[in-house]
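What follows is a set of notes on a single structure, which appears directly below.
One-based numbering, in listed order, for ligands and for the atoms of each. Count residues from 1 along the sequence.
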Amino acid sequence: MAASQTFSLLAFTFSLLAFASTVSSHNITQILADSPDYSSFNSYLSQTKLADEINSRTTITVLVLNNGAMSALAGKHPLSVIKSALSLLVLLDYYDPQKLHKISKGTTLSTTLYQTTGNAPGNLGFVNITDLKGGKVGFGSAASGSKLDSSYTKSVKQIPYNISILEIDAPIIAPGVLTAPAPSASLSNITGLLEKAGCKTFANLLVSSGVLKTYESAVEKGLTVFAPSDEAFKAEGVPDLTKLTQAEVVSLLEYHALAEYKPKGSLKTNKNNISTLATNGAGKFDLTTSTSGDEVILHTGVAPSRLADTVLDATPVVIFTVDNVLLPAELFGKSKSPSPAPAPEPVTAPTPSPADAPSPTAASPPAPPTDESPESAPSDSPTGSANSKSANAAVGVSTPSLFTALVTIAAIAVSVSLCS
Ligand SMILES: *[C@@H]1O[C@H](CO)[C@@H](O)[C@H](O)[C@H]1NC(C)=O
Ligand SMILES: *[C@@H]1O[C@H](CO)[C@@H](O)[C@H](O)[C@H]1NC(C)=O
Ligand SMILES: *[C@@H]1O[C@H](CO)[C@@H](O)[C@H](O)[C@H]1NC(C)=O
Ligand SMILES: *[C@@H]1O[C@H](CO)[C@@H](O)[C@H](O)[C@H]1NC(C)=O
Ligand SMILES: *[C@@H]1O[C@H](CO)[C@@H](O)[C@H](O)[C@H]1NC(C)=O
């Protein structure tokens with residue numbers, strides 16, 4: 001028992017440390033803007049938001065296609081298909097021209113961004129790189145029976161060892177990528193998708209309130225949905241929805257979607273306030289984001305929520321599950337509430353420390369500062385949300401508080417292992 005508690009404390013500590021190293025400094029859009037030859041490729045990186053994903057990562061290689069090579073894809077397929085094809089050109093490893101020619105045994109497989117999408121069974125998300133005779137380097141899908149149909153042509157730019165950009169002469173096509181069904185098929189039944197993802201309560205609310213129609217009308221131009229799981233609606237601190245007016249329920253549900261396509265990479269690199277479908281005036285009903293390692297945390301001003309799974313990412317629509325119901329400050333904030341907002345559980349949670357604490361980790365500090373000033377990035381109080389998520393979310397506040405938190409955790413870890 002003691003060992004596992006100590007372990008979870010240590011894991012938590014490491015997740016705090018991971019927070020420190022998430023921001024990268026390259027901007028693929030800007031780098032490629034210098035070469036008109038890549039204008040088509042660059043434009044598709046922006047339209048599919050792959051640019052954000054690339055900018056949020058380091059130790060990667062982008063295999064670019066000039067406008068001639070891009071014409072095999074451009075305009076010939078839905079955006080979601082082009083996104084898959086281009087994801088195969090983003091290698092999750094750093095290959096500069098020297099390394100390409102020094103591959104051990106002359107051949108290797110590299111993971112690509114496509115592998116991270118969950119749409120790539122087997123080795124479909126891997127690329128075979130082979131040093132062919134005469135200085136030629138060939139690229140192809142790692143799926144068996146694939147040919148090395150693409151060749152390295154030249155180096156475009158390197159920022160060691162963050163990003164390397166190399167030109168190849170043809171797209172790398174994995175079996176099935178170009179013939180994937182159009183996303184409209186799966187989108188015709190959003191509620192079905194949500195139910196399968198464990199978000200039946202949310203799906204039912206969308207239907208009964210009529211907000212589903214608002215979502216559906218955004219599908220063509222871009223839609224991002226944050227669907228709380230069924231557990232999220234049962235969690236402590238979630239207000240009784242039957243006590244809300246119809247207009248408030250509508251705002252709450254509209255608050256769970258954006259009228260734009262923002263896949264995970266875009267949320268990771270986001271620095272701005274994000275407007276939701278409920279936003280109707282400056283700064284109202286918007287969201288902010290922070291990251292913790294590879295995780296994205298959404299902030300409402302009331303409580304944070306972790307982005308959990310991607311249910312569907314079919315440009316321009318993306319549907320995520322989230323761990324907590326997103327409570328907008330406009331409805332549930334402590335002071336600025338226009339209506340009698342349900343108080344966050346005065347009996348079970350007398351202090352702002354996490355109430356539903358399963359272990360000493362969450363019951364004790366680090367309680368994030370109850371700083372309600374709007375400027376300090378994640379100002380959420382962790383009321384009613386699950387332990388480590390809220391604590392993680394509070395990490396952005398300042399270095400001293402990070403330090404205090406680490407020291408506190410170290411102290412708890414020691415006392416836990418000594419006492420048991
Ligand atoms: C590489 O990325 C790191 C962040 O991961 C950044 O601090 C560093 O400045 C980058 N290096 C260059 C040369 O841009
Ligand atoms: C990257 O560069 C493009 C073009 O210069 C610019 O529009 C965009 O805002 C930049 N992105 C970031 C995150 O700085
Ligand atoms: C890459 O493809 C070539 C040609 O099909 C094959 O001979 C080689 O074994 C493959 N490399 C790896 C690492 O699978
Ligand atoms: C949507 O999906 C759900 C669950 O898969 C199913 O029960 C329902 O009949 C579907 N609705 C339509 C209109 O296809
Ligand atoms: C961003 O949101 C915060 C609250 O979450 C608010 O205080 C701030 O004014 C907003 N900034 C802008 C530019 O709207």
- Note on the structure: So the atoms of ligand 3 within less than 4.0 Å of a heavy atom of T107 turn out to be 1 (C), 8 (C), 10 (C), 11 (N), 12 (C), 13 (C)
- Query: Considering residues, nucleotides and ligands other than E220, do more than 12 of their heavy atoms fall under 6.0 Å from its CD?
  - Reply: no
- Considering only protein heavy atoms, which is closest to atom 6 (C) of ligand 3, and at what distance to one decimal place? N128 ND2, 4.1 Å
- Between S25 and N162, the two heavy atoms sitting closest are OG-ND2, 4.3 Å
- Message: Checking Y152 against D131: is there a side-chain donor and acceptor pair closer than 3.5 Å?
- Response: no
- Query: When you look at NZ of K105, are more than 12 heavy atoms from neighbouring residues, nucleotides or ligands closer to it than 6.0 Å?
  - Reply: no
- Query: For ligand 1, which atoms, with element, lie under 4.0 Å from some heavy atom of S25?
  - Reply: 6 (C), 8 (C), 9 (O), 10 (C), 14 (O)
- Item | side chain to side chain contact (heavy atoms under 4.5 Å, CB included), paired with Q158, selected from T61, I163, L166 | L166
- Task: Taking only heavy atoms of L109 into account, list the atoms of ligand 3 that are under 4.0 Å away from them.
- Result: 12 (C), 13 (C), 14 (O)
- atom 9 (O) of ligand 2: the protein heavy-atom neighbour that sits closest, reported with distance to 0.1 Å: N27 ND2, 4.8 Å
- Task: Tell me which protein heavy atom sits closest to atom 5 (O) of ligand 3, plus the residue, atom name and distance to 0.1 Å.
- Result: S146 O, 4.3 Å
- When you look at NZ of K221, are more than 12 heavy atoms from neighbouring residues, nucleotides or ligands closer to it than 6.0 Å? no
- Item | Close-contact set for ligand 1 against T58 heavy atoms, below 4.0 Å | 2 (O), 5 (O)
- Task: Please indicate, with yes or no, if any protein heavy atom is found under 4.0 Å from atom 2 (O) of ligand 2?
- Result: yes
- Under-4.0 Å heavy-atom contact between protein and atom 13 (C) of ligand 2: no
- Check each atom of ligand 1 against the heavy atoms of N162 and keep those under 4.0 Å away; list them by number with element. 1 (C), 2 (O), 3 (C), 8 (C), 10 (C), 11 (N), 12 (C), 14 (O)
- How far is atom 4 (C) of ligand 3 from its nearest protein heavy atom, and which residue and atom name does that atom have? L148 CD1, 4.1 Å
- Would you call D294 and K264 a salt bridge, using N to O less than 4.0 angstrom? yes
